[in-house]
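First up is the structure itself, then whatever we jot down about it.
Below, each value reflects all heavy atoms present in this structure, side chains not excepted, and no hydrogens, waters or symmetry copies. What you see is a predicted model, and the numbers here were worked out from it, not measured in a lab. Throughout, a chain's letter reflects where its sequence line sits, starting with A, and its residues are numbered from 1.
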Number of protein chains: 2
Amino acid sequence: MAPRTRKPERRAEALTRERIVEAAVELLDTSGEGGLTFRALTGRLATGPGAIYWHVASKSELLDAATDAVVAAALATGPAGSAGSPHKEIGAVALGLFDAIDEHPWLATQLATQLSRNPWGPVTPRIFESIGRGVRALGVPEGGWFTAASALVHYILGAAGQNAANGRGAGSGVDRGEFLDSVSRAWEALDPGDYPFARAVADQMRGHDDRAEFLAGIDLILAGITAVHPPAP
Amino acid sequence: MAPRTRKPERRAEALTRERIVEAAVELLDTSGEGGLTFRALTGRLATGPGAIYWHVASKSELLDAATDAVVAAALATGPAGSAGSPHKEIGAVALGLFDAIDEHPWLATQLATQLSRNPWGPVTPRIFESIGRGVRALGVPEGGWFTAASALVHYILGAAGQNAANGRGAGSGVDRGEFLDSVSRAWEALDPGDYPFARAVADQMRGHDDRAEFLAGIDLILAGITAVHPPAP
DNA sequence: ACCTGAACACCGTTCAAGT
DNA sequence: ACCTGAACACCGTTCAAGT
């Protein structure tokens with residue numbers, strides 16, 4: 001037993017970048033964005049801050065790594081091309097990200113922060129790739145790939161951010177229906193001269209289903225792509 | 001002179017919530033997101049932290065107020081309905097936000113943060129209203145208003161966040177062409193098995209124009225809206 | 001090469017005290 | 001009602017020292 005110590009893979013003791021990122025994700029999931037501190041991290045990993053800084057350059061690098069790890073996992077489900085149609089495949093990828101944000105609420109803010117600080121980091125090509133395959137399968141001519149994929153990616157990230165706080169009501173304690181109702185009433189109470197549209201739409205907002213609405217937006221963009229690039233007959 | 005002191009409006013000395021928000025925006029513009037601290041703020045306003053806390057509940061409320069102020073200003077240009085067509089009007093609103101983020105780079109992160117923390121705060125109805133008027137003018141039936149406006153708003157916010165760092169190269173010191181070129185080469189160097197699409201599209205990415213690409217995405221969504229809701233003959 | 005942990009500079013926020 | 005400013009708790013990061 002314990003013969004050569006050649007591959008101590010399973011040792012929980014070894015401090016690696018991976019283990020640090022893992023612990024960071026757990027802390028973020030458990031205690032939210034404010035929960036990730038070097039104090040909490042050293043406590044959980046039973047080390048000092050110096051040990052963490054040996055593997056990771058800064059807190060923001062750690063956050064980037066956590067974000068990348070969660071996004072990669074979200075995009076890895078669904079073996080690429082598994083869905084029936086390109087349309088469905090794009091929807092599946094989008095919903096994968098949507099659900100990841102639902103499970104890891106900190107991801108919305110962090111994705112936005114990371115993408116606006118470093119828009120061309122590792123996360124962007126990951127998402128582009130998953131969406132892009134669907135775009136290509138849709139029959140869009142090569143010249144339109146970048147624009148079509150960009151539009152979808154931007155929509156997905158924007159929508160995901162906006163819908164993040166709507167989650168399954170986890171933590172907030174307030175019922176989602178009640179919450180939307182109060183927002184809807186707030187919109188109805190806006191100045192009629194300044195906000196005619198918001199008031200008119202308040203009722204639709206009240207009853208809307210995040211997921212369905214999210215997919216309806218995808219459908220709208222796909223319809224636009226098809227209209228601009230009609231499939232060959 | 002100085003007869004009754006009834007309306008000391010112009011006195012620079014009076015500390016008001018407005019003046020605090022104004023100073024916060026200036027600090028953010030000058031020194032970036034990290035530049036807004038209560039120390040810097042008290043220095044600039046010549047007071048103590050307690051004075052600021054009398055007018056503002058917390059730093060995050062102050063950030064929200066700064067965001068709202070800048071967004072309101074960005075949407076206020078263009079007297080609503082001034083553009084020729086609904087299509088152009090939506091484009092103008094979108095570009096207004098796009099440019100605001102270009103001028104205030106911190107706005108991208110802050111918008112994303114605020115919208116994912118409090119998606120139904122004052123900023124949302126503002127943007128919805130501006131976009132929504134265009135949607136209505138487009139002839140979309142009332143039942144489709146919420147979905148169409150949501151799709152546009154989400155796209156705009158997502159794209160704006162992603163493009164924020166591309167600004168006029170202000171601060172970075174690196175030429176934009178050079179920068180995109182290096183990113184493009186990085187994408188071309190990705191694993192061919194894992195990233196076929198990203199590699200194929202790297203060249204289009206290299207030469208792309210943010211603004212034009214942004215508007216092309218708007219066009220795509222508008223085409224989708226028109227396809228789903230064909231205008232009455 | 002990897003880890004320890006005390007120390008540093010700085011932060012948001014509070015609050016008793018003033019006017 | 002509005003402002004002052006010292007004090008508090010906490011944070012990310014560093015670094016001389018250990019193994």
Residues in salt bridge (charged side-chain N to carboxylate O under 4.0 Å, His left out) with D181(B), at least two apart? R185(B), R206(B)

Return the polar atom pairs (N/O with N/O) between nucleotides 9-11 of chain D and the protein under 3.5 Å, or none.
unit_1, atom_1, unit_2, atom_2, d
dC11(D), N4, R39(A), NH2, 3.2

Name all residues meeting the salt bridge (charged side-chain N to carboxylate O under 4.0 Å, His left out) criterion together with E33(B); count only those two or more places apart in sequence or in a different chain, and write none if there are none. none

In chain order, what residues pass the salt bridge (charged side-chain N to carboxylate O under 4.0 Å, His left out) check against E213(A), with sequence neighbours excluded? none

Protein-nucleotides 4-6 of chain D N/O pairs under 3.5 Å:
unit_1, atom_1, unit_2, atom_2, d
dT4(D), OP2, G48(B), N, 3.4
dG5(D), O6, G50(B), N, 3.1

Separation of dG12(C) atom P from Y53(B) atom OH, nearest Å, is 7 Å

If the condition is side chain to side chain contact (heavy atoms under 4.5 Å, CB included), which residues does D191(A) pass it with, not counting sequence neighbours? D194(A)

By a strict heavy-atom criterion of less than 4.0 Å, which residues belonging to residues 20-29 of chain A are in contact with DNA chain D? none

Residues at least two apart in sequence or cross-chain that pass salt bridge (charged side-chain N to carboxylate O under 4.0 Å, His left out) with E61(B), listed by chain then number, are R17(B)

Sequence neighbours excluded, the answer for side chain to side chain contact (heavy atoms under 4.5 Å, CB included) partners of T113(A) is T109(A), Q110(A), R117(A), T109(B)

Dot-bracket for DNA chain D, 5' to 3', Watson-Crick and G-U pairs with both distances under 3.5 Å, [ ] for crossing pairs, | for partner on another strand, reads ||.|||||...|||||.||

Considering residues at least two apart in sequence or located in another chain, which fulfil the side chain to side chain donor-acceptor pair (under 3.5 Å) criterion with E129(A)? R133(A)

Among residues two or more places apart or on two chains, list those pairs meeting ring pair (Phe, Tyr, Trp, His ring centres under 6.0 Å) that have a residue in residues 52-76 of chain B. F38(B)-Y53(B)

